[in-house]
Amino acid sequence: QDKLGTDSFRFFGLGGSNEVGRSCHILQYKGKTVMLDAGVHPAHQGIASLPFYDEFDLSKVDVLLISHFHLDHAASLPFVMQRTNFQGRVFMTHPTKAIYRWLLSDFVKVTNIGNDSSAGGDENLYTDEDLAESFDRIETVDYHSTIDVNGIKFTAYHAGHVLGAAMFQVEIAGLRILFTGDYSRELDRHLNSAEVPSLPSDILIVESTFGTATHEPRISKERKFTQMVHSTVSKGGRVLLPVFALGRAQEIMLILDEYWSQNAEELGGGQVPIFYASNLARKCMTVFQTYVNMMNDKIRKKFRDSQTNPFIFKNIAYLKNLDEFQDFGPSVMLASPGMLQNGLSRDLLEKWCPDEKNLVLITGYSVEGTMAKFLMLEPETIPAINNPDVTIPRRCQIEEISFAAHVDFRENLEFVEKIGAPNIILVHGESNPMGRLKSALLSNFSSLKGTENEVHVYNPKNCVPVDLEFKGVKIAK
Ligand SMILES: [Zn+2]
């Protein structure tokens, strides 16, 4: 007797289960295999940053779907395509692919610089050539159009979060699975919020980043943010905004550029400059300027009415690196990477953190084990990146206001209820918030317990399968 016959559904997490980072999930049903996302873990380097690819035969994967371009969802894709026995087809949306190319070539550069040959030899996961070769084999999908690959059907829906982000509804032999990736339901300045697919789902795989926490309302959050930045520069301080080069950074820029225009007398005309420091700055802005038609009505209307592209900013200058930056007087600096692991944002942190007038304002989600997370503890000193034995005094202010664009508990619960799936698999959350979310969901659906509509919630660890049997499925005797 085969309890795990081909008629049972299996979920197997290779990364991003009970953690945030290296997202990668395997789905198997009726002999078909789908892989969702292929990320790296931002707190680790080299091979250690990968999902547990050794634990699964990647040659079995028919289709690999990438939800969005963030490194924890896409940065191990060139490794999978070029350095493993993977032979399947890869799909992502058009803006994701456009941004993926620049983002990952920057990732290769940054990780190569960060590699100290004395610290364990060549740890490069892949090269620029691997990236270029993999790029040509990635296929693109439009939102709301269904693709069929040998009986695996899938459709991309808007997920909010960042430009190009998608939720995928996968259908295999009548069984429907919805994967949210990272998603947001709040209407922001430029993105469509996540949508509910018209067809129901049997299984929902949903992120749990913020667990049972509640977000501050958008308006008061923005006000607090602009006031904090304004009061720091008024006192002659510098503001460091560590951001992931692309995605949420553009939302922050829309907020700051508007605020600077409203306070032009005091801040405008270069009196207090705003910089966007990234190797990718100009290339990335071109992608945003190109895909305005995929954004929400608000920003498209602004584009139509003013006849100027909303991503051409009046008050923000681009910096390719810090050599061209003259550090006199107050300024605001958006610099990547967002968790201060290395690169430009880390260099500026080390330069500015000894001065108590300065402010480091964290706007993204900070993963366990990164410098951004460590700073929240307001340490007396931080280790220098070039020599961990050297410590730098930390006197600057540290604040956190999240524009990370993940759902909070209320938004997540409302969405989960709308989807109405009887099986919920939680991913993309640290163990504690994920555990709290599981309890809250179970108690929310407790009235259905023992009925045929009972809702099952799973929070598996990496490499621990979840097996589900469905009614009407015959098990071989
Ligand atoms: Zn993301």
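Note that the numbering runs from 1 along the sequence shown for the chain. Atoms within each ligand, like the ligands themselves, are counted from 1 in listed order.
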Could you pull out all donor-acceptor pairs under 3.5 Å where a side-chain atom in residues 366-377 meets a protein atom, sequence neighbours excluded?
unit_1 : atom_1 : unit_2 : atom_2 : d
Thr370 : OG1    : Val367 : O      : 2.7

(message) Give me the number of protein N, O or S atoms whose distance to the Zn ion (ligand 1) is under 2.8 Å.
(response) 4
(request) Quick one: closest heavy-atom pair of Val196 and Ile419, and the distance? (result) CG1-CD1, 3.8 Å
(message) Among residues at least two apart in sequence or on other chains, which ones pass salt bridge (Lys or Arg N to Asp or Glu O under 4.0 Å) with Glu258?
(response) Arg189
(message) Run the side-chain hydrogen bond (donor to acceptor under 3.5 Å, both in side chains) test against Lys221 and tell me which residues pass, sequence neighbours left out.
(response) none
(message) Can you give me the closest heavy-atom contact between Arg176 and Pro200, atom names plus distance?
(response) NE-O, 2.7 Å
(request) Kindly check if the number of other-residue, nucleotide or ligand heavy atoms within 6.0 Å of CD1 (Ile219) is above 12? (result) no
